[in-house]
**Q** 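Questions regarding the structure given below will be posed in turn.
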2 protein chains.
Amino acid sequence: MLESFYRQGIRTPRTEMIEKIASRLKVYGHIEGKNVFYWFQNHKARQRQKQKEHNMANISNYLHKAHQPVFAAPRRNVVHEEQV
Amino acid sequence: MLESFYRQGIRTPRTEMIEKIASRLKVYGHIEGKNVFYWFQNHKARQRQKQKEHNMANISNYLHKAHQPVFAAPRRNVVHEEQV
DNA sequence: CTTGTATGAATGAACG
DNA sequence: CGTTCATTCATACAAG
């Protein structure tokens with residue numbers, strides 16, 4: 001249920017929403033508002049973390065295997081070539 | 001130690017007090033004034049949050065379960081309506 | 001049993 | 001000040 005809310009775009013629900021969700025979850029056990037709050041906090045953070053690691057992996061992969069320079073700006077009038 | 005200060009009523013200490021506390025805490029590690037400052041700021045904020053959730057829980061409880069024929073809710077300091 | 005991992009909780013730091 | 005973010009701690013559980 002929490003994940004469905006998350007998928008619907010809810011990231012950092014307001015206290016009101018939190019309490020509403022918590023009250024619906026209470027049928028399954030002792031759920032408090034702060035539990036819901038922590039869930040969203042953690043889920044968002046870990047989603048970001050995952051995304052970050054994913055990007056890092058891609059970049060790393062790219063730097064090691066790839067062929068084209070990453071930030072290759074069109075060169076013009078290069079007079080003296082330097083080693084980088 | 002910080003909590004004892006807090007319990008004694010210190011909420012937003014002045015720079016002078018902050019530095020005094022920080023200097024006493026330095027024996028335990030690299031404590032700076034801003035660390036003490038953040039501590040009081042966070043502690044106060046989270047104390048309020050807790051209180052807020054407590055109130056919300058009561059309200060929620062009231063709205064959902066306690067359908068006693070009460071006509072007036074003689075509550076004061078109900079932090080229920082916020083921005084819309 | 002130990003090792004790895006998922007997750008709730010907590011807290012320092014910082015933003016708007 | 002209220003809220004959000006990043007990081008860490010602690011624990012439960014799974015894999016080996």
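Residue numbers start from 1 in every chain, and the chains themselves are labelled A, B, ... in the order their sequence lines are given, proteins ahead of strands.
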**Q** Check this one for me: any side-chain N or O of A/Lys44 less than 4.0 Å away from OP1 or OP2 of D/dA6?
**A** no
**Q** Short question: side chain of B/Arg11, backbone of B/Tyr6 - any donor-acceptor pair under 3.5 Å?
**A** yes
**Q** Please compare A/Gln49 and A/Thr12 by the position of their nearest nucleotide in DNA chain D and report the one closer to 5'.
**A** A/Thr12
**Q** Between C/dT5 atom C1' and A/Arg46 atom CZ, what is the distance in whole Å?
**A** 11 Å
**Q** Given atom NE2 of A/His43 and atom P of D/dT4, what is their separation to the nearest angstrom?
**A** 17 Å
**Q** Which heavy atom of A/Phe40 sits nearest to which heavy atom of A/Leu2, and what is that distance?
**A** CE1-CD2, 3.8 Å
**Q** May I ask you to say what A/Gln41 touches in the nucleic acid, namely base, sugar-phosphate or nothing, with a heavy-atom cut-off under 4.0 Å?
**A** base
**Q** B/Asn42 has an atom CG; how far is it from atom C1' of D/dT4, in whole Å?
**A** 11 Å
**Q** Would you say A/Trp39 and A/Val36 make side-chain contact, with heavy atoms under 4.5 Å?
**A** no
**Q** Starting from P on D/dT7, measure out to CD on A/Gln47 and report it in whole angstrom.
**A** 16 Å
**Q** Are side-chain heavy atoms of A/Ile31 and A/Arg24 found at a separation under 4.5 Å?
**A** no
**Q** Would you mind reading off the distance between A/Leu2 atom CG and C/dA6 atom C1', rounded to a whole angstrom?
**A** 15 Å
**Q** Are any of the side-chain heavy atoms of A/Asn42 and A/Tyr38 separated by less than 4.5 Å?
**A** yes
**Q** Take the protein atom CZ of A/Phe37 and the nucleotide atom C1' of C/dA10, then report the distance between them rounded to whole Å.
**A** 10 Å
**Q** Applying a 4.0 Å non-hydrogen cut-off, can you work out what B/Arg48 is touching in the nucleic acid: base, sugar-phosphate, or nothing?
**A** sugar-phosphate
**Q** Is the phosphate of C/dT11, meaning OP1 or OP2, less than 4.0 Å from a side-chain N or O of B/Tyr38?
**A** no
**Q** For a quick test of reading the model: is some side-chain N or O of A/Asn35 closer than 4.0 Å to OP1 or OP2 of C/dA9?
**A** yes
**Q** Please state how far atom NZ in B/Lys50 lies from atom P in D/dT3, giving the value in whole angstrom units.
**A** 17 Å
**Q** To the nearest angstrom, how far is A/Phe40 atom CZ from C/dT7 atom C1'?
**A** 15 Å
